[in-house]
There are 2 protein chains.
Amino acid sequence: MEKIDIPKRTVYRLSLYQRCLQKFLEQSVDTVSSDDLASAAGVKSTQLRKDLGYVGQFGTRGLGYSVETLSAAISGVMGLSMLQPVVLIGVGNLGAALIRYGGFRKEGFEIIAAFDAEPSNVKGPTEEMGVPVHHVSSLGDYVAEHAVRVGIVAVPESAGQEVTNILVESGIQAILNFSPAVLNVPEAVVVNHVDLAAELGSLGFFVN
Amino acid sequence: MEKIDIPKRTVYRLSLYQRCLQKFLEQSVDTVSSDDLASAAGVKSTQLRKDLGYVGQFGTRGLGYSVETLSAAISGVMGLSMLQPVVLIGVGNLGAALIRYGGFRKEGFEIIAAFDAEPSNVKGPTEEMGVPVHHVSSLGDYVAEHAVRVGIVAVPESAGQEVTNILVESGIQAILNFSPAVLNVPEAVVVNHVDLAAELGSLGFFVN
DNA sequence: GAACAATTGAGAGAAATTTCGCAATTCATC
DNA sequence: GATGAATTGCGAAATTTCTCTCAATTGTTC
């Protein structure tokens, strides 16, 4: 497929654009210019057009883009046409917050199961959100059985690689990693690393 | 000051290096090569050396870097020599998780107060972590009075810009933004945007 | 103290990403 | 149906970021 040659940055921004389009859709806007959409997403319009250029041609010169068409096109490329099941590993503070956080569903993802080393310590999410919390020992089988392609890792650093190995062996294709650990994965597996401490830490440089 | 011309990416990685150095320090390692440190941080050694080159010269050819010296040097540049007070706005799922999350303190940051539109709905964090939760109406005064330089925004999108304006007017210098909103700030204020939904959303592209 | 192995530091080169510039196209108006 | 304003799409230029290469330096061994 031609997917491979879209820059990672562009892919990330496509998902921003998608969210903005959704918002326009809710407001019954049916046409946007690259300027409108770009400023909603916080980027320059030239960048937006370049990004969309990787995907195809959807605009009408002089007019702009049809919100609906563009949104559908991006959905297609991003593989968001149907709900993508996701597992989450590590139901600590952050993991539990992510389960309760509704924002993922709108992006086309649904956390269908959570795993923890001590599921009995976990109470909230199961009842609140209907997400069952299993023992981490069943992770591999679950992922393989349900053909889950995306995993969210929210375990402590020490367990990060171990959990990742299980996921990889069971056929995971993409990981969103919230642990501070640097995860070692085969090339075919994509990891997005969200390092909260580093994000905050790097702000230190800019103050004073 | 000479700070301005270090690339943002490099600044981010410096904070990774710092954390790795801390770990080496705990293990009583006192010298590391660029290869050792780079692989701990998940980057190439040439990149590490280039990054450190922005800060100064700390290594000894043939030997490597003194963990202690390098760590101190990075701390100096990153302004982490003393604990940096931080306010957090929006004590929902994510905000509460961030308060409970201990990892920030190690990076030299301490959440000294939290703010919410409905502080009475918030229970956990105040008692657990000793972080008081105030009404958002007192945010501006608090920030100004305590000369807080860094803020964490974890409010819903609709409130993002409003809260940001208050922070900016009160003299904030850096913001870690977890809301989906694109925050408009003057040039002097730095924003790090952590967009959870977009991070997960962009993974959709890479699966299947 | 000479030869060797290890490792940094920095300039040059390569690659990736962003921005610019402008022709091409479309719609609305006269 | 010609003129003008708006706006895309894309190649080219500029910028930023990363990687390579290699001389310079240090400690170690014989």
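Note on naming: letters A, B, ... go to the chains in the order of the sequence lines (proteins, then strands), and numbering restarts at 1 for each one.
Note: A:Ser75 OG to A:Gln22 CD = 6.5 Å, rounded to the nearest 0.5 Å. Of the inter-residue distances, the one linking A:Asp195 atom CG with B:Glu107 atom CD reads 7.5 Å to the nearest 0.5 angstrom.
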Next item on the list: At under 4.0 Å between heavy atoms, which parts of nucleotides 19-30 of chain C does protein reach? Answer with one letter per nucleotide, 5' to 3': B base, S sugar-phosphate only, - none.
Entry: BB---BBB----

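As rounded to whole Å, 17 Å separates atom P of D:dT26 from atom CZ of B:Phe58. When rounded to the nearest whole Å, the span between CD1 of B:Ile6 and P of D:dT16 equals 15 Å. Per the geometry, CG belonging to A:Leu52 stands 16 Å off P belonging to D:dT7, to the nearest Å. C:dG11 atom P lies 12 Å from atom OH of B:Tyr54, rounded to whole Å. Atom CG in B:Leu48 sits roughly 13 Å away from atom P in C:dT7 (whole-Å rounding). Separating the NZ atom of A:Lys8 from the P atom of D:dT17 is a distance of 17 Å, rounded to the nearest angstrom. The CD atom of B:Gln57 sits 15 Å away from the P atom of D:dA24 (whole-angstrom rounding).
For A:Tyr65, taking side-chain heavy atoms from C-beta onward, the closest of the listed nucleotides D:dG9, C:dG9, D:dT17 is D:dG9.
Using a 30° and 60° split on the angle between ring planes, B:Phe115 and B:Tyr142 fall in the perpendicular class, above 60°.
In this structure, B:Lys8 places its NZ atom where more than 12 heavy-atom neighbours from other residues, nucleotides or ligands lie under 6.0 Å away.
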Next item on the list: Show the numbers, then the answer: is there a side chain to side chain donor-acceptor pair (under 3.5 Å) between B:Ser33 and B:Asp35?
Entry: CA-CA 5 Å; B:Ser33 68; B:Asp35 255 332; 5.3 Å; no

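At a threshold of 4.0 angstrom between heavy atoms, the contacts of A:Gly53 with the nucleic acid are absent.
Map B:Asp35 and A:Asp51 each onto its nearest nucleotide of DNA chain C; the residue landing nearer the 5' end is B:Asp35.
Heavy atoms only, all atoms of each residue included: B:Asn184 and B:Thr164 are closest at O-CG2, 4.3 Å.
The side chain to side chain donor-acceptor pair (under 3.5 Å) check on B:Asp116 picks up nothing, with sequence neighbours excluded.
Between A:Ser34 and the phosphate of D:dT8, there is a side-chain N or O to OP1/OP2 separation shorter than 4.0 Å.
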